[in-house]
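Computed from heavy atoms alone, side chains included, the values below leave out hydrogens, waters and symmetry copies. Order of the sequence lines sets the chain letters (A, B, ...), proteins ahead of strands, with each chain counted from 1.
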Number of protein chains: 2
Amino acid sequence: MLDKTSIQSSHNHKNCMQHALQAAEKVCKNKGVRLTSIRKRILELICTSHKAMGAYGLLDLYKQEDPKAKPVTIYRALDFLMDVGLVHKIESLNAFIGCLQSEKQHQTAIFICDNCKNAYEIDASSVYENLFTLSQSLQFKPQKLTIELRGLCVNCRY
Amino acid sequence: MLDKTSIQSSHNHKNCMQHALQAAEKVCKNKGVRLTSIRKRILELICTSHKAMGAYGLLDLYKQEDPKAKPVTIYRALDFLMDVGLVHKIESLNAFIGCLQSEKQHQTAIFICDNCKNAYEIDASSVYENLFTLSQSLQFKPQKLTIELRGLCVNCRY
DNA sequence: AGTGATATGTTATATTATTACATCTATGGA
DNA sequence: TCCATAGATGTAATAATATAACATATCACT
Ligand SMILES: [Zn+2]
Ligand SMILES: [Zn+2]
Ligand SMILES: [Zn+2]
Ligand SMILES: [Zn+2]
């Protein structure tokens with residue numbers, strides 16, 4: 001699980017990455033869906049950092065390995081990865097991050113640093129409770145929540 | 001202020017609209033900025049319903065009155081209206097709604113019905129409190145929050 | 001009226017995302 | 001093993017959203 005320390009720029013990112021990729025295999029096996037080589041590679045590219053990546057940025061990277069890749073190649077992989085819950089879209093950036101807690105149910109908010117562009121998914125269950133209660137009072141039936149905070153991370157705020 | 005009843009499809013929308021436009025005049029006067037005729041008209045178009053409107057949908061409408069209007073015409077008006085706080089962007093839809101509480105400070109979440117496309121801004125201060133507390137514990141300095149709930153409204157859920 | 005700041009006009013282009021249809025590949029049953 | 005078929009990928013085109021750059025017009029103040 002992502003904890004406070006992983007938001008430090010000093011954290012050992014290899015752990016994040018390895019964890020995400022192992023979890024991906026498990027999740028796909030459990031759900032009976034195929035983590036094909038394209039999909040896996042796109043996930044790897046996303047997970048190389050905590051920076052949110054745009055689809056066309058990913059395309060540029062992926063083209064170094066497969067020069068005839070097209071936008072739709074990336075979008076299809078992203079759609080799959082999002083369906084399975086391995087990747088999340090950051091709506092306010094039109095960009096994507098790898099999920100670091102894909103094995104668990106999770107109710108998270110995304111903290112996005114506008115300086116370093118790192119984006120961290122942090123557990124925010126109580127915020128969800130709060131919003132579910134509010135929904136109930138409005139007789140609104142929520143299906144998908146988007147909670148994003150733009151600002152400055154601890155590494156960039158001073 | 002938006003209350004529960006304004007989410008009912010039966011509410012009297014003329015009140016919403018009139019209120020929004022009067023508030024717009026006040027807000028602009030207070031801030032010493034100019035609500036020019038283009039800006040005002042775009043705001044009116046947005047406020048004709050609670051449906052989130054895309055920039056190009058607005059352009060189509062506005063073109064009926066000014067056939068040589070261009071995308072940038074709309075985006076400039078929207079940028080102004082957003083800066084002043086008269087319009088909000090719904091990030092998960094790339095669409096815009098008029099603000100119905102522009103005079104007050106407000107901390108709101110947006111409830112979006114995926115059936116009827118109506119979008120309502122509802123006070124959610126306690127959610128903000130919650131997220132601010134979480135931010136503090138991460139030493140994150142939040143500058144802009146995006147809280148959007150997609151689902152089904154009371155008119156569409158059954 | 002003259003001046004500077006703000007707003008608008010105009011053209012072009014950048015960025016993000018999807019549609020449509022052809023072809024290939026993995027997989028399970030005959 | 002071979003076939004049927006569902007799912008995945010290839011390829012081309014285009015749709016949808018948003019911004020850049022620069023010229024001209026208008027407003028607010030002196
Ligand atoms: Zn990491
Ligand atoms: Zn940062
Ligand atoms: Zn109304
Ligand atoms: Zn509805």
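OP1 or OP2 of dA17(C) lies within a sub-4.0 Å distance of a side-chain N or O belonging to Lys89(A). For the pair Thr73(B) and dT8(C), the criterion of a side-chain N or O lying under 4.0 Å from OP1 or OP2 is not met. The side chain of Tyr56(A) places no N or O atom within less than 4.0 Å of a non-bridging phosphate oxygen (OP1 or OP2) of dT15(C).
Taking both residues in full, the closest heavy atoms of Cys99(A) and Gly85(A) are given as CB-O, 3.6 Å, listed atom of the first, atom of the second, then distance. The shortest heavy-atom contact between Asp114(A) and Gln143(B) is OD2-OE1, 4.4 Å. In terms of heavy atoms, Phe140(B) sits closest to Arg157(A) at N-NH1, 4.1 Å. For the pair Leu138(B) and Val154(A), the tightest heavy-atom approach, listed with the atom from each and the gap, is O-CB, 4.0 Å.
Arg41(A) places its CZ atom 15 Å from the P atom of dT9(D), with the value rounded to the nearest Å. Across the protein-nucleic acid pair, Ile74(A) atom CD1 and dG10(D) atom P stand 11 Å apart, rounded to whole Å. Distance Leu93(B) CG to dT16(C) C1': 15 Å, rounded to the nearest Å. Going from atom CG of Leu78(A) over to atom P of dA17(C) covers 9 Å, rounded to whole Å. Rounded to whole Å, atom C1' of dC24(C) lies 13 Å from atom NZ of Lys68(A). Residue Leu35(A) contributes atom CG, which lies 15 Å from atom C1' of dA26(C) at whole-angstrom precision. Distance CD1 (Ile90(A)) to P (dT15(C)): 19 Å, rounded to an integer number of Å. Nucleotide dA17(C) holds its C1' atom 16 Å from the CD atom of Glu91(B), rounded to whole Å.
In this structure, the nucleotide among dA12(D), dT9(D), dT18(C) sitting nearest to the side chain of Lys70(A) is dA12(D). Considering only the side chain of Ile38(A), dG10(D) comes nearest among dG10(D), dT10(C), dA18(D). The side chain of Tyr75(B) lies closest to dT17(D) when the candidates are dT17(D), dT9(D), dT11(C).
Judged by atom type and distance alone, Arg76(A) does not reach the base of dG7(D) through any side-chain donor-acceptor pair under 3.5 Å.
Ranked by how close their nearest DNA chain C nucleotide is to the 5' end, Asp79(A) and Pro71(B) are led by Pro71(B). Nearest-nucleotide assignment on DNA chain D puts the 5′-proximal partner with Val72(B), out of Arg34(B) and Val72(B). Between Asn94(B) and Val33(B), it is Val33(B) whose nearest contact on DNA chain C lies nearer the 5' terminus. Nucleotides of DNA chain D nearest to Arg39(A) and Gly57(B) differ in position, and the one nearer the 5' end is that of Arg39(A).
Under a 4.0 Å N-O distance rule, the pair Lys40(A)/Glu25(A) qualifies as a salt bridge.
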